[in-house]
Protein chains: 2
Amino acid sequence: MMQSENPVLVKRHSGKNQTITMRDVANSSGFSPATVSIVLNNAPLARYIAPTTKKRIEEVAKKLGYRPNAMARFLRSKRSHSVGVMFFDITDPFCTPVLRGIENALYQSSYVPIFADAHNQRNRFERYLEMLLEHHVEALIVVANWLFVDIQLLADLSKRNITAATIGWEMPGNDVSSVMVDNEAGGRLALEHLHHLGHRKIAFIRGPKMLIDSAPRWKGIQKFAHSAGLEIDPALVLQLPDSFDPNSGFEGGYRFTEELLQRKKRFTALMAFDDLTALGAIRALTKAGVKVPENCSVVGFDDVPLSSLSAPSLTTVRQPLEAMGNLAVNIVMEGVNAGLEKRDWSISRHKMNPELVIRDSTQAAVLSSSDD
Amino acid sequence: MMQSENPVLVKRHSGKNQTITMRDVANSSGFSPATVSIVLNNAPLARYIAPTTKKRIEEVAKKLGYRPNAMARFLRSKRSHSVGVMFFDITDPFCTPVLRGIENALYQSSYVPIFADAHNQRNRFERYLEMLLEHHVEALIVVANWLFVDIQLLADLSKRNITAATIGWEMPGNDVSSVMVDNEAGGRLALEHLHHLGHRKIAFIRGPKMLIDSAPRWKGIQKFAHSAGLEIDPALVLQLPDSFDPNSGFEGGYRFTEELLQRKKRFTALMAFDDLTALGAIRALTKAGVKVPENCSVVGFDDVPLSSLSAPSLTTVRQPLEAMGNLAVNIVMEGVNAGLEKRDWSISRHKMNPELVIRDSTQAAVLSSSDD
DNA sequence: CGGCCTTATTCAATCGTTTCAATGTTCAAT
DNA sequence: ATTGAACATTGAAACGATTGAATAAGGCCG
């Protein structure tokens, strides 16, 4: 454990614990627990309860400071009013805005998020899943941009009728809803921007194969390049290795940019797989005396919170992270309600539109006479 | 809601839901529910249970995939195995490492964190508190570096015997444990570093009055200055205004540094209240043509994750954020156990030691002949 | 052989809600 | 006057675990 300057002990603590139950409200108001329950939950039967009764009960409940016991309630009604929110690595700056989006949407529905972080470890993921099931979460949201988990998850969940949604990743098969950014469109957006600025010699640092985002982004790039007649020089294309460390993008961007510079092939712009990679690239460029954006434009992807704070601030393709969190909640809530009303419902897969955010790391290419 | 390219509807979904209860394990193993419970929880009475019986029951439970129902268990045993974790603004980069520390420690104890984010709003804080109480969290951890909440919290909690701890903030009064960094030591550390590097003309951007960290940091600075015979020029000291936006530090650092530069008083180093402020300051300096660290050293405070990624990377005073989260969990767990065993126990207040992290934003002062 | 301790297991009450079915009313319609 | 809705409320059985008290069967001792 951490050293810590003599902890100051302060005050004795003990105490009596008197929780107010529904029975108390019933006794105190002169009605039965059943009536109280019906009134306080505004259950269907509440239609028949006399307004004066309702008022009385509500008054008493408030005066006594009655708080329903979520556990007891669950036991009877099967509703825990909680949702599991699993991250594969909360340390990834990508996650914070998503978390906020999820939290906010759940809050609107008076659901409570149970937070789980797999630390990129499979067994930890499984253990958490177990814990979430024990706590009978009504739904599960999984945030990841890659995944080792297969059918196991799905089996356990759909057997128990728990609606799930993934963010930033799609389950193979058609059993779990998902919310992703349209990576292909994003890739196109970024390259289009550089192209419009007049860049023709562009270097690329592609994402790791493991990440589901990598391929479509590259596809978007290629498609645009093709349609615009832009040639992509294979000597200016590198691909990040697979890694579990969310900060490895920075490191990778740095090293690969050094590598690119050593190749002595001129490029006036660099497109990085994501923001962290871009930041690493900028660091390497700056160190090598290449000014950004004067001598080389750099564009990232994601628009994580630090991108606007970096120097120079980063031009990037924004994922609507908060909105994605929101949407995932709406999806699972829809599933929960469907289950409640014994309706059938359908899995859905969403691709959100990315958005180009132009900041200081890109500028128009300087015209050069010598090509190559 | 967000636009999203035609969501693809995929597959029908419905299903049967067969949960395995303890009764199932009992029937299937030929013993009674009581025995099963005793065995599976390794309760005191388990001492008397025949080893063969234990084995049998455990086998059956595993084979059936029995999962205890946390809610039902709570109802009888009063233990929810959950802890409320309240943030005042998860968007603050300060929070992520703390969250990880908390999550990790709870995981070790098989507790589940219920996540709450007050968004800096008092009513939201109160509503969440309500929800957490309804879910009967066994303890509460509050992460904040400032606060509007008063005795209300304390009253509700100690009445219900819920141990609480705050991180980054101390409750006035002596009823809630707390974990903080030793701000005074941190302030000293930072200034000491600049002083050792030979800086004598140092500008300061102090923290907002509202923040509990501001005063002690400044005190540490003053004390060191006094002991080292360093003079602090009041014309080089500014104080950030109060604000709820966690990113306002950057903005403030930027503006105040511009302001400082306009004053035409030379300074060779700048000490910012926190990392974001420092980053804002660096931005302003760079824009004004003052190179960091060549012409001006900058030091921050906190060591939030982006500080190592900025350009130049930031010299700063590290708060052991993850360890602080950890410690807070240990504290409340101790409280929970004490309550369980009807022991008395004591509130504690910790001040963790900060640590100087030297990176690229500081370097030795160039000797100048002209002073003033 | 009867009493007592130890071992092994079970009974049954309980936690705080929800909800189905039941019990009375009242009142309009046959 | 009888019926049957609609209204207003309640009794009591769940829900799935935990746990103190009870039961029962050996084993040991005097």
Side-chain angles (χ1 to χ4, degrees), chain A residues 17-58 60-61 64-81 133-136 138 160 340, chain B residues 17-58 60-61 64-82 133-136 138 160 340 342:
Chain A
N17 178 330
Q18 201 57 286
T19 30
I20 289 115
T21 133
M22 197 163 84
R23 175 154 246 103
D24 297 326
V25 178
N27 291 338
S28 184
S29 68
F31 293 94
S32 75
T35 312
V36 174
S37 171
I38 289 162
V39 169
L40 261 30
N41 293 313
N42 202 30
L45 253 39
R47 176 167 40 115
Y48 297 129
I49 306 275
T52 60
T53 306
K54 287 188 186 173
K55 207 162 132 205
R56 184 82 225 287
I57 289 180
E58 271 153 8
V60 173
L64 261 46
Y66 168 69
R67 244 186 287 267
N69 181 323
M71 311 296 192
R73 163 181 298 183
F74 162 83
L75 207 52
R76 188 74 235 271
S77 66
K78 259 72 209 43
R79 309 202 52 188
S80 65
H81 284 271
L133 290 176
E134 286 181 7
H135 281 265
H136 287 261
E138 294 184 42
R160 301 184 152 242
L340 230 55
Chain B
N17 177 330
Q18 201 59 285
T19 30
I20 290 113
T21 134
M22 197 164 84
R23 172 155 248 102
D24 297 326
V25 178
N27 291 337
S28 185
S29 68
F31 294 94
S32 77
T35 313
V36 175
S37 171
I38 289 163
V39 169
L40 260 32
N41 294 313
N42 200 30
L45 252 38
R47 176 166 37 116
Y48 297 127
I49 306 274
T52 61
T53 307
K54 287 188 184 173
K55 207 161 135 207
R56 184 82 228 285
I57 289 181
E58 271 153 9
V60 173
L64 261 46
Y66 167 69
R67 244 186 288 268
N69 181 324
M71 311 298 191
R73 162 181 300 185
F74 161 82
L75 208 52
R76 190 74 231 274
S77 66
K78 256 74 199 68
R79 309 203 50 189
S80 65
H81 284 271
S82 67
L133 290 177
E134 286 180 7
H135 281 265
H136 287 261
E138 294 184 42
R160 300 185 152 242
L340 229 56
K342 300 179 202 300

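In the text below, chain A, chain B and the rest are named by the order of the sequence lines, each starting its count at 1.
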**Q.** Side-chain N or O of A:Ser77 closer than 4.0 Å to phosphate OP1/OP2 of C:dT19
**A.** no

B:Met71 CE to D:dA14 C1', in whole Å, measures 17 Å

Q) Within the pair B:Lys54 and C:dA8, is there a side-chain N or O less than 4.0 Å away from OP1 or OP2? A) no

_At 4.0 Å (heavy atoms only), tell me whether A:Phe31 reaches a base, stays on the sugar-phosphate, or touches nothing._
sugar-phosphate

All heavy atoms of B:Phe74 vs all of A:Asn69, minimum pair found to be CE2-ND2, 3.5 Å

Exercise. With sugar-phosphate meaning primed atoms plus P, OP1 and OP2, does A:Thr21 contact a base, only sugar-phosphate, or nothing at under 4.0 Å between heavy atoms?
Worked result: sugar-phosphate

A:Arg73 CZ to C:dG16 C1', in whole Å, measures 11 Å

Rounded to whole Å, NE2 of A:His81 lies from C1' of C:dT17 at a distance of 12 Å

- prompt: With respect to the phosphate group of D:dT10, does any side-chain polar atom (N or O) of A:Ser32 fall under 4.0 Å of OP1 or OP2?
  reply: yes

From OH of A:Tyr48 across to P of D:dA6 the rounded distance in Å is 7 Å

Between B:Ala72 and B:Ala34, the residue closer to the 5' end of DNA chain D by nearest nucleotide is B:Ala72

note: A:Arg23, atom CZ; D:dT10, atom P; distance rounded to Å ~ 12 Å

So does B:Arg23 have more than 12 non-hydrogen atoms from other groups sitting under 6.0 Å from CZ?
-> no

Self-check item: Side-chain N or O of A:Thr35 closer than 4.0 Å to phosphate OP1/OP2 of D:dT10
Solution: yes

Exercise. What's the verdict on side-chain contact (heavy atoms from CB on, under 4.5 Å) for A:Tyr66 and A:Leu40, showing C-alpha distance, side-chain angles and the deciding distance?
Worked result: CA-CA 10 Å; A:Tyr66 168 69; A:Leu40 261 30; 3.7 Å; yes

Does B:Arg76 contact C:dT14 through a side-chain donor or acceptor facing the base, at a distance under 3.5 Å? yes

Rounded to whole Å, NE2 of B:His136 lies from P of C:dG16 at a distance of 9 Å

Rounded to whole Å, the CD1-P distance (A:Ile38 to D:dT9) equals 10 Å

One should read off an interatomic distance between B:His135 NE2 and A:Ser80 OG, to the nearest 0.5 angstrom, of 7.0 Å

Scanning both residues in full, the closest heavy-atom pair of B:Ser32 with B:Ala26 reads C-CB, 3.7 Å

Checklist entry - If you look at every strand shown and take non-hydrogen atoms under 4.0 Å, does A:Ala50 touch a base, only sugar-phosphate, or nothing? => result sugar-phosphate

Between CG of A:Asn41 and P of C:dT18 the distance, given in whole Å, is 4 Å

message: Does a side-chain N or O of B:Asn69 approach OP1 or OP2 of D:dC15 to a distance below 4.0 Å, or not?
response: no

